[in-house]
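Each remark here refers to the structure printed beneath this line.
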Amino acid sequence: MRDLTIGQYYPGQSLLHKTDPRVKIILTLVFIFIIFFCKNFFSLGLMVAALLAGVLLSRVPLKMMLKSMRAITFIIIITALLNLFYSTGGKVLVSFKFFKITDTGVYTAIFVAVRIMALIVGSTLLTYTTTPTMLTDAIERLLKPLKLFHVPVHTLAMMMTLALRFIPTLMEEIDKIMNAQKARGADLESGGLMQRAKALVPILIPLFVSSFRRAYELAFAMECRCYTGGEGRTRMKQMKLKGLDSVLIVGCAVLLGGVIALNIFFKAFNVG
Amino acid sequence: MPIIRLENVTHNYGDGTPLCVSAIKNINIEIEEGELVGIIGHTGSGKSTLIQHLNGLLSPTQGRVWIDGEDIWQNKKNIRSVRFKVGLCFQYPEYQLFEETVFKDIAFGPKNMKLSEEEIKQRVLEAAEFVGLTPELLEKSPFDLSGGEKRRAAIAGVMAMKPKILVLDEPTAGLDPRGKESILKLILRYKEATGATVLLVTHNMEDVARIATKILVMNRAQVLMYDTVKNVFAHSEELEKIGLTVPQITRVCRELKKRGLDLDESIYTVEDACAALLPLLKKGVG
Amino acid sequence: MERIIEYQDVTFRYEGDDENHVLPLTINGITLNIEKGSFAAVLGRNGSGKSTLAKLTNAIHLPEDGRVLVEGLDTSEEKNVELIRRKVGMVFQNPDNQIVATIVEDDVAFGPENLGIEPDEIRRRVDDALKAVGMYEFRLAEPHKLSGGQKQRVAIAGILAMQTDCIVLDEPTAMLDPIGRREVLATVQRLNRERGITVLMITHFMEEAVQADRVIVLDHGKVFLDGCPRDVFTNTQAIERCGLTVPQATALTRALADSGISIRTDVLTEEECVEAVLKACGKE
């Protein structure tokens, strides 16, 4: 369990690592939007090409990228199959009993699969090149305007940071408690659903007790370090937009234009 | 026949990956019944990996573990029964308490052993007596006990399984001298009453020196020494070289010997040092 | 000498579960001054009130009676609390429960950020603090991958970066292994000597208290012994009466003296003990 990493980060010094995390978050959102905007293989192809360029730029090995895909292979396959069987229209390629596979179905299936993969790679690129701390910081700064509507932006960001900080600690703790109870003969592996749920009690109670104790001590420690909430705080790490960031923003705008153009130009080839 | 026998035991973490490390490597050791073995070594030397092999919480990557003449991994399904034979009490065991009452918590182990109600009750009362918890305390919530009482309740939870081998990881961590003393005493009491073999993992050399019959020194995933307390402390300089602290009194006697006093080099208690020095000093004065 | 912390006839008790159940006093009338630049160790059994004494210094606890003053500021006045916490930093027992950020340097920056310091200045302070505790090369590490001793040093750096005058450590080594204990003690000693930071360290390790300038022994919420380590630890009887132990070197010379040997009994360290025994032998 200890190997579990949340928001996997791939340490590096590439241009994408150095990009302002706020820009990265916005561009990722824009990227997702544009992907959904693609209507045919030409515009989607442009996006995939842009994505590959991004991956190369990040210097994260392609293997790592594929790894992120493994967890959702199942979802991709299911979605593709659904599209394959449920699309109507076009030439029938194969048919037996209720099932009909048409050429439109094949195109749509491939199109959807590529689209999902592009989405995953795009967002993984963000988490691979940005540390969790940078991400929470950036989110806090981006959401700042919401303060006007009394949304506790700073508190939410602080909660996220603390969660990220304590996940590994709690994982370790679960390991320890499990071992301690197993040493007293606790059976965690056999029995029906109810029995297994019951077997979790000796693990969950100590875990809750210790989490509360930790939270209590942590609150004291934070108060002792003069923490009084977001008001009047400064940050050591500043975020400033640099030339690099503007280049990326312009690049993204060009992509959007390209996709629109291709969508119109190859209208005849639109999928779905 | 030794009660614990490890034959060529190796345990690797992250086996098959480039990050593979051996937490213990080629461990061969035989521990006789009735010993009180102090296990020492600094953090990361493999101590905790070693003890988790004794009750089957970890299985060896290579080699075999024999407890009471049986290869514990012979029948994988039976591994849980090994845990009743080898009681393992982890560091800060009070954090594993969870039941409504101290009684029920101590009864958790015996219950898992599927003993009769009658037998469970008897076991709990007996274990509570070993650790010096009064019957009134047994009806309290474990979370209402004091720190020292919690620790003792948790140890009782392991003792209630009446293990033939009792393994404790740093049972005195975080306690003051008197608290330490009382924990060590109750461990001795259990050992005397049941004839169990006891393994005590600790950083505190002075505790080990006082109560152990033998010492096992771990260093870099391997057993560096396994010998009587006297023989191990005779190598005090070697122990210091691998970053372990020996009792202050051992260092004092070592220095005195270097400076020309005729002293045994393996003194490890103040009483022994005093007894050894008295004749020398009386002679010196006379 | 200038005082940094003053306890004036302080009492304190914890709240019971209900009104009918009043707990006994944990701190039972303590009057004590801690001098600026000193290194004082507070020793005592579990439950002697030593941790509570630490928590009274920066208004985590407020006295029931009496006053606690930090550089003249009363801790029970609300408006003083933040000022006091800028002067007295606190390091706790459990290293895991005081580190806030997922990266070492961000954690050290946490205090100064709360104080509203300029970013460049924070960066300077963080680097300086990490160097002072010998953790600079770990500045980008994740805290949960550090050893206990390293985590405690990061916690100390977090206080240093706030530029407090005084560090109060509440059993900082209780959960560490011997190597971690040595690291933390050496760090604290160095900061006291080189930077003149006042140190108030709560501990139950007699070996650590021996290294201080002054040892205060608490028993049942009262000051039981107070003096330089030599005076305190050679008072073998008193130390043992309150459930503590003396260094083995001290115990040895005391035992020899009790057996009728004429030997110096005020030894504290190994070297002194060796010299004393040799002298008693007539070898010197």
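Below, read A as the first sequence line, B as the second, and so on, with proteins coming before strands; counting in each chain starts at 1. The structure presented is a predicted model; accordingly, all values stated were derived computationally and were not measured.
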I'd like to verify something: which residue of C:Ile99, C:Ile84, C:Asn94, C:Leu140 has the highest number of heavy-atom pairs under 4.5 Å with chain A? C:Ile99

Ion pair check, A:Arg225 and C:Asp107, cut-off under 4.0 Å: yes

For atom CD of C:Glu137, is the number of surrounding heavy atoms from other residues, nucleotides or ligands below 6.0 Å larger than 12? yes

Assess whether atom CZ of C:Arg3 is packed by more than 12 heavy atoms of other residues, nucleotides or ligands within 6.0 Å. no

Heavy-atom count around C:Glu121 CD within 6.0 Å, excluding the residue itself: above 12? yes

Test log, rule side chain to side chain contact (heavy atoms under 4.5 Å, CB included), inputs A:Met222 and C:Gln98: CA-CA 7 Å; A:Met222 287 169 71; C:Gln98 51 191 323; over 6 Å; no

Starting from the C-alpha separation in whole Å, work towards a yes-or-no answer on side chain to side chain contact (heavy atoms under 4.5 Å, CB included) for C:Thr102 and A:Thr131. CA-CA 9 Å; C:Thr102 45; A:Thr131 62; over 6 Å; no

Choice from C:Asp96, C:Asn58, C:Val126 maximising heavy atom contacts with chain A below 4.5 Å: C:Asp96

Non-hydrogen side-chain atoms of C:Arg85 and A:Glu223 separated by less than 4.5 Å: yes

Residue part contacting chain A, namely of C:Arg86, when any heavy atom lies under 4.5 Å: both

Quick one: of A:Met236, A:Lys237, A:Glu217, A:Met158, who has the most non-hydrogen atom pairs under 4.5 Å with chain C? A:Met236

Using a cut-off of under 4.5 Å on heavy-atom pairs, state which of C:Ala101, C:Gly89, C:Ala59 scores highest against chain A. C:Ala101

Using a strict 4.0 Å threshold on nitrogen-to-oxygen distance, state whether C:Glu142 and A:Arg165 make a salt bridge. no

So for atom CZ, which belongs to A:Arg59, do other residues, nucleotides or ligands contribute more than 12 heavy atoms lying within a distance under 6.0 Å? no

C:Phe92 and A:Ala221: which non-hydrogen atoms are nearest, and at how many Å? CE1-CA, 3.6 Å

For the pair A:Arg235 and C:Asp106, find out whether any cationic side-chain nitrogen is under 4.0 Å from an anionic carboxylate oxygen. no

Give, for atom CD1 of A:Ile167 and atom NE2 of C:His144, the distance between the pair rounded to the nearest 0.5 Å. 10.0 Å

Step by step, work out the side chain to side chain contact (heavy atoms under 4.5 Å, CB included) result for A:Arg233 and C:Phe110. CA-CA 9 Å; A:Arg233 273 195 103 216; C:Phe110 181 73; 3.3 Å; yes

Do you know which two heavy atoms are closest between C:Pro119 and A:Gln238, and how far apart they sit? CG-NE2, 3.3 Å

Minimal heavy-atom distance between A:Thr234 and C:Pro112, with the atoms involved, is OG1-O, 4.2 Å

Is it the case that more than 12 heavy atoms not belonging to A:Lys147 sit under 6.0 Å from its NZ atom? yes

Which pair of non-hydrogen atoms, one from A:Cys226 and one from C:Asn114, has the smallest distance, and what is that distance? O-CB, 3.3 Å

Kindly check if the number of other-residue, nucleotide or ligand heavy atoms within 6.0 Å of CZ (A:Phe208) is above 12? no

For the pair A:Phe166 and C:Asn97, evaluate side chain to side chain contact (heavy atoms under 4.5 Å, CB included) and give the outcome as yes or no after the intermediate values. CA-CA 9 Å; A:Phe166 277 93; C:Asn97 300 351; 4.2 Å; yes

Could you tell me which portion of C:Val108 (side chain, backbone, both or neither) has an atom closer than 4.5 angstrom to a non-hydrogen atom of chain A? backbone

Non-hydrogen atoms of chain C under 4.5 Å away: do they reach the side chain of A:Glu231, the backbone, both or neither? neither

Around atom NZ of A:Lys242, are there more than 12 heavy atoms of other residues, nucleotides or ligands at under 6.0 Å? yes

Within the supplied structure, the quantity of interest is the number of heavy atoms (other residues, nucleotides, ligands) at a distance under 6.0 Å from A:Lys176 NZ; does it exceed 12? no

Under a 4.5 Å heavy-atom cut-off, does chain C meet the side chain of A:Tyr216, its backbone, both or neither? neither

